[in-house]
Amino acid sequence: MAWFKKTRVPMAAPAKEKASRVPEGLWVKCPGCAQAIYNKDLATNFSVCPKCGHHFRLNASERLRMLFDGAWTEFDKDMVSTDPLVFTDTKPYKSRLKAGIESTGMKDAVIVASGAIDGVDTVVASMEYGFIGGSMGVVVGEKIARGIERAIAERMPVVIVCCSGGARMMEGALSLMQMAKVCGALARLDRAHLPFISVLTDPTTGGVTASFAMLGDLNIAEPKALIGFAGPRVIEQTIRQTLPEGFQRSEFLLEKGMLDLIVDRREMKPVIANALRFMGATRKGPVLVPPAIEPPTAVIESPTVVAEAAPQA
Ligand SMILES: [Zn+2]
């Protein structure tokens with residue numbers, strides 16, 4: 001027998017998992033309170049744990065179903081990334097796209113649609129985390145920017161539901177350009193006196209936080225959502241300090257003034273509708289705002305001139 005060789009005898013065969021008698025997908029274990037929740041209870045409760053209020057992640061179309069009164073009209077549904085850099089990391093970007101399309105049934109990580117939120121016609125962009133981490137590539141940026149432009153043309157408010165890991169690195173600098181493009185469109189929306197509400201859900205990070213997610217007239221977050229730019233581990237390594245408790249969670253950011261509101265998902269729709277109405281949106285129809293008051297360019301000399309000029313204006 002060789003000196004340095006040990007014949008290994010396996011201690012014991014790994015225990016086989018006991019076959020569960022509960023059909024798969026009937027119960028979900030809540031990560032918040034570790035209790036089992038009946039799937040149907042979860043579905044009727046907007047995917048919020050009825051016991052502890054933990055907010056489960058929703059996909060993009062569930063979000064739209066939650067916000068809109070009924071059917072919605074989707075825009076630019078078939079826009080697909082062209083893989084401009086022919087990028088490959090651990091696997092080709094093309095196959096990542098293909099996997100995303102197969103698993104979500106979407107062509108990219110956002111749905112942009114218009115419909116009524118409690119009677120208020122609104123353009124909503126809803127991001128899909130299941131599609132390459134909800135990352136923002138050229139298609140996501142272009143779809144959101146077009147949605148905002150449509151909102152300007154039809155005088156509708158905009159709501160963006162953020163759920164994203166940030167810019168899509170497989171599209172390199174092109175993905176970073178989307179930050180500027182969407183922000184530019186939002187600036188035009190603002191100049192048109194139309195409201196924009198940003199809804200930050202778990203997680204909203206990277207280039208999305210660094211651009212449009214934080215630009216809302218109102219920035220509303222869901223409870224305990226992870227919101228930040230770089231991840232906590234990266235920050236700790238960079239500044240060589242331990243981060244405070246609850247860092248990058250909604251509650252912490254609200255306290256520090258980065259957010260306006262934290263709203264329970266079950267209250268989200270009425271809160272958004274009320275806020276939109278407060279900001280000038282009307283039930284059914286375009287947003288009506290008084291025209292901006294321009295500073296007078298000429299000195300008006302007599303009251304008769306005012307009377308003549310008025311009908312033309
Ligand atoms: Zn729970």
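Counting starts at 1 for both ligands and their atoms, in listed order. Please read these numbers as outputs of a predicted model, since none were measured by experiment.
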Colleague: Using side chain to side chain contact (heavy atoms under 4.5 Å, CB included) as the criterion, point out the one residue from Thr201, Ile117, Val199 that pairs with Met268.
Modeller: Val199
Colleague: Around the Zn ion (ligand 1), how many protein N, O or S atoms are there at under 2.8 Å?
Modeller: 4
Colleague: Using salt bridge (Lys or Arg N to Asp or Glu O under 4.0 Å) as the criterion, point out the one residue from Arg266, Arg63, Arg57 that pairs with Glu222.
Modeller: Arg63
Colleague: Can you tell me if Ser81 and Asp83 form a side-chain donor-acceptor pair at under 3.5 Å?
Modeller: no
Colleague: Could you tell me whether the side chain of Thr205 and the main chain of Ser164 form a donor-acceptor pair under 3.5 Å?
Modeller: yes
Colleague: Within a reach of under 6.0 Å around NZ of Lys269, are more than 12 heavy atoms found that belong to other residues, nucleotides or ligands?
Modeller: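 For Lys269, atom NZ is crowded (more than 12 foreign heavy atoms under 6.0 Å).
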Colleague: Please check if atom CE in Met258 has more than 12 non-hydrogen atoms from other residues, nucleotides or ligands closer than 6.0 Å.
Modeller: no
